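One structure is given below, encoded as structure tokens.
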Amino acid sequence: MSAPTVDTSAVTDEVIASATAAKAASRSLIGLSTAEKNAVLTAAAAAIEAAAAAILAANASDIARAESNGTEASLLDRLRLTPERVVGIADGLRQVAGLPDPIGEVIAGKTLPNGLTLRQVRVPLGVVGIVYEARPNVTVDAFGIAFKSGNAVLLRGSSSAADSNAALVAVLRDVLAAHNVAPDAVALLPAHDRASVTALIQARGLVDVVIPRGGAGLINAVIANATVPTIETGTGNCHVYVHSAADLDMAETIVINAKTRRPSVCNTAETVLIDSAIADVALPRLTGALTAAGVTIHGDEPGMEPADEKDWSDEYLSMDIAVRRVDGLDEAIDHIARYGTGHTEAIVTSDLAAANEFTRRIDAAAVIVNASTAFTDGEQFGFGAEIGISTQKLHARGPMGLPELTSTKWVVWGDGQVRPV
């Protein structure tokens, strides 16, 4: 039996209609005060908690469908909501409500010799498109941080989370309407056809920026095909380098936390590099601790799963890790430069000079000394909910909070000045 024919033109029309409505809504958001935005966010948090039963029922439907499709455990973890996670989603909105409003902030200013007064102020980007996989919490996080920074948001989640996302967006739109704010400030796009992604990322003039969140395949597809400006939230092949001057008690604690706290997220450590100067002691200790924690180890040492190039370069997003000996700081940095994705890199050392050298030479959005890679997170950095972790270098890099969803404009005040011919 052949698959049903999909009317991609109808999907495209739906996306363009949503983008057009979002553009109009974004203009209306400019007039909202900080108090009005915070009132919406606080009400949305309460509404999500009140609708928890319906949200969890929708999520259970998504989970059942994913399980029947043989979805792997790490993706199921990203998809699954629990009563505690629903409360966490609501609390994320409350945190955003408590953060300073970036809109209107003056970030530079001066008076020219001719008397003109210049101010550079933060303004919204406009309409932000998010393409993301599984994780229904992203639906609410993206709305909250976009709304507080004055942006409308178009959400293109995965089909695996379709019921969960629909339930959450319905709550958000109802809250907006109840506060006389355009409900089209948030919209959920069709998730069962890739034509909706194409339409979103090519809607120049309607969508101001697109942010892909997910695996390497999704991110690369968006970047390769988008005509709308994109912010790359890259994959996280994160390393922990255990330097020759490392405290092994500290190293063991950090490595276990960085790998096992939540293996399915992008700030998880995927490779441990152990300095050969201490490998005879450190290697058995760290691999023993990882094995005891249920982690499968890939590498070149006896007893490990044999490693190839894929093991050094890819995210596992599972209870797997690659382990390799390196001959000193230079070789560790060279390995990270070759295989890292520019997300988060960590060193464990008591040698201040080595730590400073590592932080200076590593090219990544976050470089951590003597702590877990798990701290690369907007909330942990004090930004509140994040829109993603950017691994590119233009516009934003690292956890993207409220200021990263703004642009600027120059406001010039004069008193009749004209430019000389």
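Being a predicted model, the structure only gives us computed values, none of them experimental. Numbers here are sequence positions counted from 1.
For T408, the side chain to side chain donor-acceptor pair (under 3.5 Å) test picks out Q120, with sequence neighbours left out. Residues meeting the ring-ring contact (aromatic ring centres under 6.0 Å, His included) test with H243, sequence neighbours left out: Y241. Y132 is linked by a ring-ring contact (aromatic ring centres under 6.0 Å, His included) to nothing, counting only residues two or more places apart in sequence or in another chain. Shown here are the ring-ring contact (aromatic ring centres under 6.0 Å, His included) partners of H298, two or more places apart in sequence or in another chain: Y316. Taking the side chain to side chain donor-acceptor pair (under 3.5 Å) definition, one finds that E36 meets it with S33, sequence neighbours left out.
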Acceptor/donor pairs from residues 41-49 side chains to any protein atom, 3.5 angstrom cut, sequence neighbours excluded:
unit_1, atom_1, unit_2, atom_2, d
T42, OG1, N38, O, 2.9
E49, OE1, R94, NH2, 2.8
E49, OE2, R94, NH1, 3.2

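Between the side chains of T139 and N165, at least one donor N or O lies within less than 3.5 Å of an accepting N or O. A donor and an acceptor atom, one from each side chain of D351 and T349, are nowhere located under 3.5 Å apart. Side chains of N69 and T71: no donor on one and acceptor on the other come within 3.5 Å.
Looking at I55 and R85, their side chains never come closer than 4.5 Å, going by heavy atoms from C-beta outward. Within the 4.5 Å cutoff, side-chain heavy atoms of T271 are placed close to those of W312.
A salt bridge links K393 and D363; the closest N-O separation between the charged side-chain nitrogens and carboxylate oxygens is under 4.0 Å.
Note that the NZ atom of K23 and the OG atom of S28 stand 12.5 Å from one another [nearest 0.5 Å].
Paired with L200 under the rule side-chain contact (heavy atoms from CB on, under 4.5 Å), one option of V228, L206, L189 passes, and it is L189.
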